[in-house]
Enquirer: 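Before I ask anything, let me first share the structure, which is written out below as structure tokens.
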Amino acid sequence: MYFRSGNLWKEFILEHNMQMVTSTGRVANQHIGNGTKTLKGCLAEASKEDRTNHSQKEHIVTHTIVQAGKPKANRTDRLILGNRVFYIVDMDDVGRFGISTIYYAEERQDLK
């Protein structure tokens with residue numbers, strides 16, 4: 001395995017999903033965060049197996065993010081890395097011991 005400096009741990013800004021009611025009475029999703037909550041993880045492209053097992057109807061998994069420790073984010077939360085935006089589609093608390101967490105994410109190109 002070859003390591004490059006860009007493939008190691010990265011600091012993601014974490015924004016939680018909140019449902020808001022608009023003035024017309026419709027429910028809309030809005031991501032709330034001020035940049036103080038972060039998540040440190042390793043970013044990798046999703047394998048073909050990850051894409052088929054964790055994708056949803058409207059959200060295709062494009063990347064995996066591995067974090068040490070218990071989950072800090074939930075499904076539907078948003079992670080920001082520079083000018084890249086990732087939505088968490090699915091997650092796996094490996095072994096349920098809080099040792100590591102795998103987030104299956106979709107990179108959104110339309111939200112830069």
Side-chain angles (χ1 to χ4, degrees):
M1 177 180 233
Y2 297 101
F3 290 107
R4 291 179 273 174
S5 60
N7 291 349
L8 300 177
W9 297 98
K10 299 183 182 300
E11 198 79 28
F12 294 88
I13 296 172
L14 174 61
E15 293 183 344
H16 293 291
N17 185 27
M18 299 286 291
Q19 289 190 340
M20 311 293 261
V21 178
T22 63
S23 60
T24 61
R26 296 188 61 144
V27 176
N29 291 329
Q30 182 179 7
H31 287 87
I32 306 294
N34 57 5
T36 59
K37 287 191 176 185
T38 60
L39 179 147
K40 193 171 186 178
C42 249
L43 177 67
E45 189 174 330
S47 67
K48 186 176 181 181
E49 182 179 309
D50 291 337
R51 290 175 198 262
T52 56
N53 291 340
H54 298 282
S55 292
Q56 296 176 358
K57 184 178 180 180
E58 296 178 1
H59 302 285
I60 306 298
V61 171
T62 59
H63 291 80
T64 58
I65 301 167
V66 179
Q67 169 210 318
K70 294 180 181 180
K72 291 185 178 179
N74 300 316
R75 288 182 180 93
T76 71
D77 284 349
R78 181 164 75 173
L79 299 174
I80 300 171
L81 178 66
N83 63 348
R84 299 173 76 181
V85 177
F86 299 92
Y87 279 106
I88 299 174
V89 177
D90 198 8
M91 57 186 281
D92 184 13
D93 183 7
V94 181
R96 307 287 186 259
F97 294 117
I99 296 170
S100 64
T101 305
I102 302 173
Y103 299 103
Y104 301 95
E106 173 189 23
E107 183 173 12
R108 297 293 302 263
Q109 301 292 333
D110 58 337
L111 299 174
K112 291 187 177 184

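As the structure is a prediction and not an experimental result, all values here were calculated from the model.
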Enquirer: List the atom of Glu107, the atom of Gln109, and the distance in Å for their closest heavy-atom pair.
Expert: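 Smallest heavy-atom distance, with atoms named: CD-NE2, 3.5 Å.
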Enquirer: Using the ring of each side chain (for Trp, its six-membered ring), is His54 parallel, tilted or perpendicular to Tyr104, with breaks at 30° and 60°?
Expert: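 Rings of His54 and Tyr104: parallel, as their planes differ by under 30°.
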Enquirer: What are the two closest heavy atoms between His16 and Lys37, and how far apart are they?
Expert: NE2-NZ, 3.5 Å
Enquirer: Can you give me the closest heavy-atom contact between Gly98 and Asp93, atom names plus distance?
Expert: N-OD1, 3.8 Å
Enquirer: To the nearest 0.5 Å, tell me how far Thr64 OG1 sits from Asp90 CG.
Expert: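 Taking OG1 in Thr64 and CG in Asp90, the distance rounds to 12.0 Å.
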Enquirer: Under the 3.5 angstrom rule, does the side chain of Ser55 hit a backbone N or O of Thr52 as a donor-acceptor pair?
Expert: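 Side chain of Ser55 to backbone of Thr52, a donor-acceptor pair under 3.5 Å: no, none is there.
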Enquirer: To the nearest 0.5 Å, what is the distance between CG (Asp50) and OG1 (Thr62)?
Expert: 11.0 Å
Enquirer: When you group the ILVMFWY residues by side-chain heavy-atom contacts below 4.5 Å and let the links chain together, are Leu43 and Leu79 in the same group?
Expert: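 In one cluster: yes.
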Enquirer: Short question: side chain of Thr101, backbone of Gly69 - any donor-acceptor pair under 3.5 Å?
Expert: yes
Enquirer: Is it the case that atom CD in Glu11 sees more than 12 heavy atoms from other parts of the structure closer than 6.0 Å?
Expert: yes
Enquirer: To the nearest 0.5 Å, what is the distance between CG (Leu39) and CD (Glu15)?
Expert: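 Reported value, rounded in 0.5 Å steps: 13.0 Å.
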Enquirer: Among Asn74, Thr36, Asp77, find the one that has a side-chain contact (heavy atoms from CB on, under 4.5 Å) with Leu14.
Expert: Asp77
Enquirer: If you round to the nearest 0.5 Å, how far is NZ of Lys40 from NZ of Lys72?
Expert: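 The distance works out to 9.5 Å.
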Enquirer: Nearest 0.5 Å, what's the CD1-CZ distance between Ile80 and Phe12?
Expert: 11.0 Å
Enquirer: For the CG atom of Asp92 and the OH atom of Tyr103, what is their distance to the nearest 0.5 Å?
Expert: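 Taking CG in Asp92 and OH in Tyr103, the distance rounds to 11.0 Å.
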Enquirer: When the ring centroid of His63 is compared with that of Phe86, is the distance short of 6.0 Å?
Expert: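 Judged by ring-centre distance (under 6.0 Å), His63 and Phe86 do meet the cut-off.
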Enquirer: Say whether Ile65 and Ile99 are linked into one hydrophobic cluster, either directly or through other cluster members, by side-chain heavy-atom distances under 4.5 angstrom.
Expert: no
Enquirer: Do you know the tightest heavy-atom contact between Met91 and Pro71?
Expert: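 Residues Met91 and Pro71, closest heavy atoms: CE-CB, 3.4 Å.
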Enquirer: Same hydrophobic cluster for Val94 and Val61, using side-chain heavy-atom links shorter than 4.5 Å among ILVMFWY?
Expert: yes
